[in-house]
Protein chains: 4
Amino acid sequence: MGAVKNKRMPRAVREQQMLDAAVRTFGQRGYRAASMDEIADLAGVSKPLVYLYLNSKEDLFTACIRREAKALTDAVRAGVRPGIPADRQLWEGLRAFFTHTAENPDGWAVLHLQARTHGEPFAAEVLAMREELVVFVTQLIVVAAREAHRDPSLPEREVAGLAEALVGAAESLAAWANAAPGISAKQAAATLMNFAWSGLGNMMEGRPWSPPPQD
Amino acid sequence: MGAVKNKRMPRAVREQQMLDAAVRTFGQRGYRAASMDEIADLAGVSKPLVYLYLNSKEDLFTACIRREAKALTDAVRAGVRPGIPADRQLWEGLRAFFTHTAENPDGWAVLHLQARTHGEPFAAEVLAMREELVVFVTQLIVVAAREAHRDPSLPEREVAGLAEALVGAAESLAAWANAAPGISAKQAAATLMNFAWSGLGNMMEGRPWSPPPQD
Amino acid sequence: MGAVKNKRMPRAVREQQMLDAAVRTFGQRGYRAASMDEIADLAGVSKPLVYLYLNSKEDLFTACIRREAKALTDAVRAGVRPGIPADRQLWEGLRAFFTHTAENPDGWAVLHLQARTHGEPFAAEVLAMREELVVFVTQLIVVAAREAHRDPSLPEREVAGLAEALVGAAESLAAWANAAPGISAKQAAATLMNFAWSGLGNMMEGRPWSPPPQD
Amino acid sequence: MGAVKNKRMPRAVREQQMLDAAVRTFGQRGYRAASMDEIADLAGVSKPLVYLYLNSKEDLFTACIRREAKALTDAVRAGVRPGIPADRQLWEGLRAFFTHTAENPDGWAVLHLQARTHGEPFAAEVLAMREELVVFVTQLIVVAAREAHRDPSLPEREVAGLAEALVGAAESLAAWANAAPGISAKQAAATLMNFAWSGLGNMMEGRPWSPPPQD
DNA sequence: AATGAATGAGGATTCATTCAT
DNA sequence: TATGAATGAATCCTCATTCAT
């Protein structure tokens with residue numbers, strides 16, 4: 001069972017142990033199916049202590065989401081060197097993203113699967129993090145357009161949609177790469193770059209795909 | 001609430017009412033949080049009748065997944081005219097997909113969010129449907145490559161990754177389009193075509209994006 | 001399943017089919033664990049028909065007990081030739097008893113196990129049958145005492161206890177013979193005759209076992 | 001009703017209270033008819049506490065059986081002085097048996113009626129205890145045969161049958177003595193000794209009852 | 001003579017949460 | 001800092017029983 005039992009430890013340490021146990025349990029069982037009993041057990045403490053430090057199941061789940069969201073955005077940001085060309089920045093960001101999700105499958109499950117499937121307190125929490133990533137990608141697209149000497153006036157709504165699609169594709173690929181054995185973070189990133197950047201590049205050259213007129 | 005109460009109806013009809021209620025409840029609350037009580041209420045019948053016809057919560061959820069998965073794949077298939085160029089087929093498929101998910105948000109939530117979040121009986125059920133879509137897309141990519149007079153030997157693994165990315169992006173965009181007001185199915189489809197097809201087109205012209213050598 | 005379905009049949013026949021199914025189900029599952037659904041199914045009819053003919057679960061169980069009790073006492077009575085010496089009558093009665101219980105294990109289970117474990121409506125029903133057997137045995141003992149030229153004044157209470165013991169032993173041996181493979185009705189009867197009659201005979205010779213004085 | 005409510009008590013004490021309540025309820029109502037609600041009420045605790053300590057209805061019933069079986073065999077063993085003649089040992093054992101069953105009617109009902117009536121987890125549990133008693137009696141019979149200077153080769157199968165009959169008769173008489181008012185443990189024991197020992201004694205003298213030749 | 005449709009009531013089990021120490 | 005003892009409130013599921021035809 002989790003940590004060594006009954007040892008007195010400073011609050012900060014205990015809290016992290018609890019969050020570790022909670023992320024693992026929530027990630028594997030889901031919010032409702034995870035029981036405070038199991039979490040406390042896995043953390044090696046009694047239930048009242050969990051309540052003393054984290055207040056309630058809801059608060060505990062929220063704390064998990066926040067911690068994991070921050071860890072993910074931090075990882076992405078830390079993986080990107082500023083000042084290099086936009087496509088390289090995206091490449092680095094994607095690699096960091098896929099690496100982090102592969103190394104923290106439970107945390108990723110909490111963010112991608114569990115937090116979104118349960119009502120309003122939680123979905124908003126994830127949305128905030130997601131927005132950060134979307135903004136990051138959006139800026140890269142805008143910068144890339146500028147670097148390509150293109151008229152920078154790609155309609156904003158269009159850019160938003162593209163960024164959304166890219167982030168969405170990344171999220172799906174992360175789940176896919178975690179599930180399919182033998183897909184490395186690098187491979188996942190390369191696949192997505194091929195898929196996305198070539199398309200985006202194409203568009204920026206002024207050759208978007210266009211729907212048939214009668215539609 | 002829900003249907004008219006207490007009227008005797010043939011089993012087949014009642015079953016559909018129950019599935020309607022179940023899809024709505026599961027879609028909005030999630031598998032665990034949805035209660036059989038609420039579902040029976042919404043269907044306008046007593047709980048025992050739900051159990052008589054659908055056996056258990058698990059079976060009921062599975063029946064929901066199957067019905068919605070079939071409805072979705074049927075809609076996509078019905079929306080695509082065979083024989084036309086591959087890019088047009090994809091365009092039509094995406095429009096059908098986004099139209100259907102927009103019209104059946106609860107069904108889509110069941111498939112995309114809820115079914116994947118809960119243990120093995122269910123995830124497999126959705127995976128089967130997803131695989132159908134991935135195969136459909138994969139074939140389009142292969143055909144398109146041939147139509148573009150390209151060496152048809154895009155590595156298989158690469159194609160699988162691209163198809164996965166496209167389906168994943170579509171799934172994410174469906175959720176996005178449902179959430180953001182004023183995004184029509186057509187717009188979502190166009191965004192994704194731009195994102196994906198241009199990129200794929202580019203690749204097929206022999207200009208894939210390539211990672212920097214030192215990576 | 002059970003009988004052929006949906007065939008119109010006269011009430012008396014249907015009732016017997018239902019009782020057959022009920023005895024089997026009650027005997028194997030117990031009163032509470034047996035469900036009207038299972039019984040109706042096994043009888044090859046719909047539940048409302050069972051209620052139409054037998055009124056309620058309680059009444060159905062009571063009808064089972066009565067039918068099986070009568071069948072058992074009838075079998076014992078039919079197996080005994082009157083007029084022969086008392087020990088022979090007991091021998092024949094026991095053989096008939098063990099034969100019948102071996103051939104109708106479910107009926108015997110209903111009488112011996114199930115009916116006695118559930119509240120007052122049923123226990124009384126079995127008690128009546130049991131009393132008949134006890135009386136039968138009591139008379140045999142009295143007659144035997146007379147045949148042995150003994151002072152016929154064996155205290156009544158004593159005789160009652162002995163009869164009770166004999167019937168109880170028979171009941172236990174019936175269960176034992178049913179469970180242990182290879183014990184025939186005849187063997188069971190012989191064991192009990194040895195056990196009981198020799199003891200009784202001994203007593204009638206005026207040599208009862210007597211407790212130590214200080215007790 | 002039952003114990004004083006809401007007082008904090010050590011687990012071991014509470015468990016015994018729960019078992020007390022359970023034995024009483026199971027003994028009077030039967031396994032299926034007894035509700036966990038009633039048991040918890042009678043024990044003066046909430047249902048969850050019963051589940052916390054005893055796990056499930058099945059486990060609770062098993063715990064009852066084990067406790068009562070041990071109590072009964074302990075009582076019988078404690079009541080018998082070793083080293084005295086076999087008939088006296090049997091006498092003492094029977095007195096202890098009837099005394100204990102008279103003092104613990106619910107426990108006896110659980111063992112004799114309820115546990116045997118319900119499926120396999122439980123029947124086996126009682127059988128183990130019963131086997132102990134049968135072995136105890138079997139040994140007494142063998143020793144008695146030796147004490148009577150008889151050829152010790154009473155066929156084993158025969159002895160088993162006799163022991164079974166004796167134990168069965170004892171079980172039945174226990175129920176009878178409990179039901180009939182004014183039958184003391186001593187009287188029940190004496191009746192059975194008369195019934196059994198005289199018979200056995202007779203046999204050991206070489207005068208078994210023999211079936212008529214034509215049978 | 002017979003059944004498909006339907007339900008009120010209750011029972012086992014689990015869970016988040018608190019109290020007293 | 002830490003926990004053993006305890007519960008109110010659901011939740012899934014089953015069953016005997018009835019109604020309308």
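Chain A is the first sequence line, chain B the second, and so forth, proteins listed ahead of strands; every chain is numbered from 1. Because the structure is a prediction, the values reported are computed rather than measured.
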Could you tell me which nucleotide pairs with dC19(E) by Watson-Crick or G-U wobble geometry, both distances under 3.5 Å, or answer none if nothing does? dG4(F)

Here's a test of your reading of the structure: between Tyr53(D) and Asn55(B), which maps to the more 5' nucleotide of DNA chain F? Tyr53(D)

Looking at side-chain heavy atoms only, is the closest gap between Asp106(C) and Gln28(C) below 4.5 Å? yes

What is the distance, to the nearest angstrom, from the CZ atom on Phe26(A) to the C1' atom on dC15(E)? 13 Å

Atom CD of Gln17(A) to atom C1' of dA2(F): distance rounded to whole Å? 13 Å

For Leu52(D) and dG8(F), give me the distance from atom CG to atom C1', rounded to whole Å. 15 Å

So, is Tyr51(C) near the phosphate of dA2(E), with a side-chain N or O under 4.0 Å from OP1 or OP2? no

Partner lookup for dA9(E), please. Criteria are Watson-Crick or G-U wobble with both distances under 3.5 angstrom; report none if nothing qualifies. dT14(F)

Most 5' of Ala34(D) and Arg11(B) on DNA chain E, judged by nearest nucleotide: Arg11(B)

Whole-Å distance separating the CG atom of Asp41(B) from the P atom of dC12(F): 13 Å

Nearest 0.5 Å please: distance from the CE atom of Met18(B) over to the CG atom of Leu52(B). 8.0 Å

When you get a sec, tell me which of dA12(E), dG8(F), dT3(F) is the closest nucleotide to the side chain of Val45(A)? dT3(F)

Neighbour count above 12 (heavy atom, 6.0 Å) for Arg66(D) CZ: no

Would you indicate which nucleotide in dA9(E), dG11(E), dT17(F) comes nearest to any side-chain atom of Met36(C)? dT17(F)

Close side-chain approach of Gln16(C) to Val13(C), heavy-atom, < 4.5 Å: no

Between Asp20(C) and Arg67(C), does at least one N-O distance fall below 4.0 Å, as a salt bridge requires? yes

Please determine whether the number of non-hydrogen atoms from other residues, nucleotides or ligands lying under 6.0 Å from atom CZ of Arg24(A) exceeds 12. no

Quick one about Arg29(C) and Gln114(C) (side-chain donor to acceptor, distance below 3.5 Å, no hydrogens or angles considered), yes or no? no

Selection: residues 56-64 of chain D, any non-hydrogen atom under 4.0 Å of DNA chain E: Ser56(D), Lys57(D)

Donor-acceptor check, side chain of Lys57(C) to backbone of Tyr31(C), threshold 3.5 angstrom: yes or no? yes

Starting at CD of Glu38(A) and ending at P of dT17(E), how long is that distance when rounded to a whole Å? 16 Å

State which of dT14(E), dA2(E), dA6(F) makes the closest approach to the side chain of Ser46(D). dA6(F)

Take atom CE of Met9(A) and atom P of dT1(F), then tell me their distance rounded to the nearest Å. 13 Å

Of the options dA9(F), dA1(E), dC19(F), whose atoms approach the side-chain atoms of Pro48(C) most closely? dC19(F)

Of the listed dC12(F), dC15(E), dA2(F), the closest approach to the Ser35(A) side chain comes from dC15(E)

Ignoring hydrogens and angles, answer whether the base of dT7(F) and the side-chain atoms of Lys47(D) contain a donor-acceptor pair closer than 3.5 Å. no

With a cut-off of less than 4.0 Å, is there a side-chain N or O of Arg14(D) near OP1 or OP2 of dA6(F)? yes

Among dT3(F), dA20(F), dA2(E), the one nearest any side-chain atom of Arg8(B) is dA20(F)

Within this structure, what is the CG-to-C1' distance between Leu49(D) and dT18(E), rounded to whole angstrom? 14 Å

Given atom OH of Tyr31(A) and atom P of dC15(E), what is their separation to the nearest angstrom? 14 Å

